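A short worksheet on the structure shown next.
Fair warning: this is a prediction, and the values are worked out from it, not measured in the lab. Just so you know, these numbers use all the heavy atoms, side chains as well, and skip hydrogens, waters and symmetry mates. Sequence lines set the chain letters: A, B, ... in the order given, protein chains first and strands last, and positions in each chain run from 1.
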Amino acid sequence: MLARGDELYRDLPWRHVDDPYAVLVSEIMLQQTQVARVGRFWERFLSAFPTVDALASAAVPDVLELWQGLGYNRRALALKRTADTCAAEGAGRLPETYEGMLALPGIGPATAAGVVAFAYQRPAVYLETNVRSVFLHELFPEEEAVSDKVLLPLVEAAAFHPAAAADPRRWYYGLLDYGAHLKATVPNPSRRSAGHSRQSAFEGSRRQKRAWIIRRVLAAPEGVSRAAVLADLNTAELAAGRPEVEPPLFNSIVADLLAEGFFREENDTLTP
DNA sequence: TTCCAGCGGC
DNA sequence: GCCGCCGGAA
């Protein structure tokens, strides 16, 4: 496996750093986002916000602005909140343990394990789509609907085996690169994961409107009225050949965005 | 069309 | 457990 990993090695920019913050930013950006898209976003983001303290000191709209085009805007808010917490309570340093990382917003089991393995160079159970593909392909070539409950102990046993634990970074680089290679050569093994499900269409979806509204408000630093946002949204919807958005749906989306902290409202004006 | 170094809320 | 979340490359 290690030899196969070396053979398929991908020289990605975040593989040249061991700063936990820089690694965390890469892990967050790579959540459900393909490697090819992340590269330039990662470099731009770290240039603008090179440290936890820099990100904590930044304004939310500036962070969201740099995130546009990457997708899943929630991740940017969660990352910002994680930086705020670590700046205030951790002297600008991320937690050093898996459990500590897991307690922070936007950081789940995979991301916490990724930071532990790639930044701290300690063994961790890092089960994400490429690792899942490798285990399904190698150990369950015929089975359908294999659950992570079955895979987790296997990944754990492998990761904590001395051969892997001696160099967790190299071990997981190999798994990731082999998994990525598999997807280019055989039908996606992860389709045989029990949790695998197809995503709903983006075109015309609620989340497409969400993203549009976020961009519209970000473009109005001085604020913009709800009515103006709705009118502009409907102009865009009609231009795209879609029906107008009814006010209840629009208000529901705006309520979500306000609650999640994407922008604020002052007497009917939405302000980033 | 399919998928992507997942997470959080329910 | 199930669903919503973003956007574009292939």
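- In summary, A:E237 and A:K209 engage in a salt bridge, as defined by a charged side-chain N under 4.0 Å from a carboxylate O.
- Straight-line distance between the C1' atoms of C:dC5 and B:dC3: roughly 15 Å, to the nearest whole Å.
- A salt bridge is absent between A:R4 and A:D177; no separation between the charged side-chain nitrogens and carboxylate oxygens falls under 4.0 Å.
- Extent of DNA chain B lying under 4.0 Å from chain A heavy atoms, first and last nucleotide in 5' to 3' order, is B:dT2 to B:dG8.
- Remark: A:R74 does not engage A:D256 in a salt bridge, criterion side-chain N to carboxylate O under 4.0 Å.
- Within residues 32-44 of chain A, the residues that have a heavy atom under 4.0 Å from DNA chain C are, in order of number, A:Q34, A:R37.
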(request) Would you please test A:W67 and A:F41 for ring pair (Phe, Tyr, Trp, His ring centres under 6.0 Å) and show each step? (result) CA-CA 7 Å; A:W67 206 269; A:F41 281 94; 7.9 Å; no
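- Contact annotation for A:L12: base contact, defined as any heavy-atom pair under 4.0 Å involving a base atom.
- A:R132 comes within 4.0 angstrom of nothing in the nucleic acid, heavy atoms only.
- With rounding to the nearest 0.5 Å, the separation of OH in A:Y98 from CZ in A:R122 is 12.5 Å.
- Judged by closest nucleotide on DNA chain C, A:K149 is the one of A:K149 and A:S205 placed further toward the 5' end.
- When side chains are defined from C-beta on, A:Y120 does not count as touching A:T97, because their heavy atoms never get closer than 4.5 Å.
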Can I get a per-line list of side-chain donor-acceptor pairs under 3.5 Å for residues 76-91 of chain A, giving both atom names and the distance, sequence neighbours left out?
| residue | atom | partner | partner atom | Å |
| --- | --- | --- | --- | --- |
| A:K80 | NZ | A:L55 | O | 3.2 |
| A:K80 | NZ | A:A56 | O | 2.8 |
| A:K80 | NZ | A:A58 | O | 2.9 |
| A:K80 | NZ | A:D84 | OD1 | 3.1 |
| A:R81 | NH2 | A:E260 | O | 2.7 |
| A:T82 | OG1 | A:A78 | O | 3.4 |
| A:T82 | OG1 | A:P105 | O | 2.9 |
| A:T85 | OG1 | A:R81 | O | 3.1 |

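- No side-chain N or O of A:S26 forms a donor-acceptor pair with one of A:R15 less than 3.5 Å apart.
- Nucleic acid contact class of A:R210 (heavy atoms, under 4.0 Å, all strands): sugar-phosphate only.
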(message) Give the dot-bracket line for DNA chain C from 5' end to 3' end: parentheses for intra-strand Watson-Crick or G-U pairs under 3.5 Å, square brackets for crossings, | for inter-strand pairing, dots for unpaired.
(response) |||||.||||
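- Close approach of DNA chain C to chain A, defined as any atom under 4.0 Å from a non-hydrogen atom of the protein, starts and stops at C:dG4 to C:dG8.
- Salt bridge status for A:R40 with A:E43: absent, with no side-chain N to carboxylate O gap under 4.0 Å.
- Within the 4.5 Å cutoff, side-chain heavy atoms of A:V23 are placed close to those of A:E27.
- Nearer the 5' end of DNA chain B, as judged by each residue's closest nucleotide, is the contact made by A:W14, out of A:A78 and A:W14.
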(request) Would you check, one step at a time, whether the test side-chain hydrogen bond (donor to acceptor under 3.5 Å, both in side chains) holds for A:S225 with A:T269? (result) CA-CA 4 Å; A:S225 73; A:T269 296; over 6 Å; no
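- Among the atoms of the strands shown, none is found under 4.0 Å from any heavy atom of A:Y172.
- Heavy atoms of A:I107 sit under 4.0 angstrom from primed sugar atoms or phosphate atoms, though from no base atom.
- Transitive grouping of hydrophobic side chains (ILVMFWY, heavy atoms separated by less than 4.5 Å) brings A:V35 and A:V134 into a common cluster.
- Nucleic acid contact class of A:G69 (heavy atoms, under 4.0 Å, all strands): sugar-phosphate only.
- Residue A:G71 is in base contact, counting any heavy-atom pair closer than 4.0 Å across all strands shown.
- Across A:V245 and A:N234, no two heavy atoms sit closer than the pair N-OD1, 2.6 Å.
- A:N73 pairs with exactly one of A:Q68, A:R207, A:R215 by the side chain to side chain donor-acceptor pair (under 3.5 Å) rule, that one being A:Q68.
- Here the separation of C:dC6 from B:dT2, taken at their C1' atoms, is 15 Å to the nearest Å.
- Taking atom P in both C:dG8 and B:dC7, the straight-line distance is 23 Å, to the nearest Å.
- Cluster membership for A:V229 and A:L64, using ILVMFWY side-chain heavy atoms within less than 4.5 angstrom, is shared.
- Cation-pi geometry between A:R10 and A:Y173 is not met at under 6.0 angstrom from the ring centre and within 45 degrees of the axis.
- Within the model, atoms CZ of A:R75 and OG1 of A:T33 stand 3.5 Å from one another, a figure rounded to the nearest 0.5 Å.
- DNA chain C lies under 4.0 Å from at least one heavy atom of each of the following residues of residues 181-202 of chain A: A:Q199, A:F202.
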